[in-house]
Protein chains: 2
Amino acid sequence: MISHKTPAHLKSEILEAIAHPNRVRILEHLGKEILCNCELAPALSLEQSNLSRHLKILVQAGVIVSWKEGLRVNFKIADERVLKILDLAQAVAKRSIETKAGVLEEG
Amino acid sequence: MISHKTPAHLKSEILEAIAHPNRVRILEHLGKEILCNCELAPALSLEQSNLSRHLKILVQAGVIVSWKEGLRVNFKIADERVLKILDLAQAVAKRSIETKAGVLEEG
DNA sequence: ACGCTCTATGAGTACTTACTCATACAGTCA
DNA sequence: TGACTGTATGAGTAAGTACTCATAGAGCGT
């Protein structure tokens, strides 16, 4: 079964999964340590059901992986490159803001 | 005026701007050459007005820059790192697909 | 001035998304 | 078994997004 998705579609699926601010925060936490839903919820001040759905989106995109451990479901980053994407996004955002500030000054 | 946006929010603004499949396609084209709306529209098979709005989103995020040249408005990548983000997204997507295939085989 | 080309935007619609509440499901321990 | 903890999901709602059509604006040429 070969995927018929275009390259642009493949990329956007990963990026859409990552792009939500709460999911960015989840990834930032998981970049440091393995955590479960019950630890992330208070750390991010998110409703348990809401967080569960965000985590599901990340798992389905293949950005994080999960496994059961007793009652808990643990999560960790599946591919370290997603953290690199976050770093680059940060850098682009920073430059964008600086450029806008520069335009205002010289104007 | 200092921005009060959280790091997660800054990142997600860039990623949300990039994440749409049509905007990924726009960036892929602009990664190779400078183009105007009128050249991109037929290349991407997008409605002129629809394309114009996608380009606006990318400009507002600071991902691309635009300048007038007669009737045309040209666009180019503002920060080459967005292309790197697309490459990484592609790599993550590829690995995700392979991992899922592996799971199916060993199952 | 006029017509022509290219781009931007208002308005309307269909679709998707995030969120919350309530509830079901899964696993542990007494 | 029942009570308890942790997770997933159905249902409903509010908000956001992408798309199209029509139209306005901006700049070129005659």
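Here is the naming used below: chain letters follow the sequence lines, and residue numbers restart at 1 for every chain. For the numbers below, each heavy atom of this structure counts, side chains included, while hydrogens, waters and symmetry mates do not. All values reported here derive from a predicted model rather than from experimental measurement.
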(message) Give the residues of residues 17-46 of chain B touching DNA chain C, defined as any heavy atom closer than 4.0 Å, sorted by residue number.
(response) Cys36(B), Asn37(B), Cys38(B)
(message) Tell me which residues in residues 47-61 of chain B lie within less than 4.0 Å of DNA chain C, going by non-hydrogen atoms.
(response) Gln48(B), Ser49(B), Ser52(B), Arg53(B), Lys56(B)
(request) For Leu71(B) and for Val73(A), find the nucleotide of DNA chain D with the closest heavy atom, then tell me which residue's nucleotide is more 5'. (result) Val73(A)
(message) Determine whether a donor-acceptor pair (N or O, by modelled atom type, separation under 3.5 Å) exists between the side chain of Ser52(A) and the backbone of Gln48(A).
(response) no
Spacing between [X] atom [atom1] and [N] atom [atom2], to the nearest angstrom:
{"X": "Arg72(B)", "N": "dG25(D)", "atom1": "CZ", "atom2": "C1'", "value": "19 Å"}
{"X": "Glu16(B)", "N": "dA18(D)", "atom1": "CD", "atom2": "P", "value": "9 Å"}
{"X": "Lys68(B)", "N": "dT5(C)", "atom1": "NZ", "atom2": "C1'", "value": "11 Å"}

(request) Search all heavy atoms of Ser96(B) against all heavy atoms of Gly62(A) and return the closest pair with its distance. (result) OG-CA, 3.5 Å
Donor-acceptor contacts, no H, no angles, side chain residues 23-31 of chain B, under 3.5 Å, sequence neighbours left out:
{"unit_1": "Arg23(B)", "atom_1": "NE", "unit_2": "Ala17(B)", "atom_2": "O", "d": "2.5"}
{"unit_1": "Arg23(B)", "atom_1": "NH1", "unit_2": "His54(B)", "atom_2": "ND1", "d": "3.0"}
{"unit_1": "Arg23(B)", "atom_1": "NH2", "unit_2": "Glu16(B)", "atom_2": "O", "d": "3.2"}
{"unit_1": "Arg25(B)", "atom_1": "NH1", "unit_2": "Asn22(B)", "atom_2": "OD1", "d": "3.2"}
{"unit_1": "Arg25(B)", "atom_1": "NH1", "unit_2": "Leu44(B)", "atom_2": "O", "d": "3.3"}
{"unit_1": "Arg25(B)", "atom_1": "NH2", "unit_2": "Leu44(B)", "atom_2": "O", "d": "3.1"}
{"unit_1": "Glu28(B)", "atom_1": "OE2", "unit_2": "Lys11(A)", "atom_2": "NZ", "d": "2.3"}
{"unit_1": "His29(B)", "atom_1": "ND1", "unit_2": "Arg25(B)", "atom_2": "O", "d": "3.0"}

(request) If a pair satisfies side-chain hydrogen bond (donor to acceptor under 3.5 Å, both in side chains) and one of its residues is in residues 30-46 of chain B, list it, with sequence neighbours excluded. (result) Glu39(B)-Arg72(B)
Contacts under 3.5 angstrom, residues 78-86 of chain A side chains, donor-acceptor by atom type, not counting sequence neighbours:
{"unit_1": "Asp79(A)", "atom_1": "OD1", "unit_2": "Arg81(A)", "atom_2": "N", "d": "3.0"}
{"unit_1": "Asp79(A)", "atom_1": "OD1", "unit_2": "Arg81(A)", "atom_2": "NE", "d": "3.0"}
{"unit_1": "Asp79(A)", "atom_1": "OD2", "unit_2": "Arg81(A)", "atom_2": "NE", "d": "3.2"}
{"unit_1": "Asp79(A)", "atom_1": "OD2", "unit_2": "Arg81(A)", "atom_2": "NH2", "d": "2.8"}

(request) Might you work through the side chain to side chain contact (heavy atoms under 4.5 Å, CB included) test for Ile97(B) and Leu10(A), ending with a clear yes or no? (result) CA-CA 10 Å; Ile97(B) 290 168; Leu10(A) 285 175; 3.7 Å; yes
(message) Just verifying a value: how many Å separate Leu40(A) CG and Leu51(A) CG, rounded to the nearest 0.5 Å?
(response) 5.5 Å
(request) Sorted by first residue and then second, give each ring pair (Phe, Tyr, Trp, His ring centres under 6.0 Å) pair with at least one member in residues 74-93 of chain A; sequence neighbours left out. (result) none
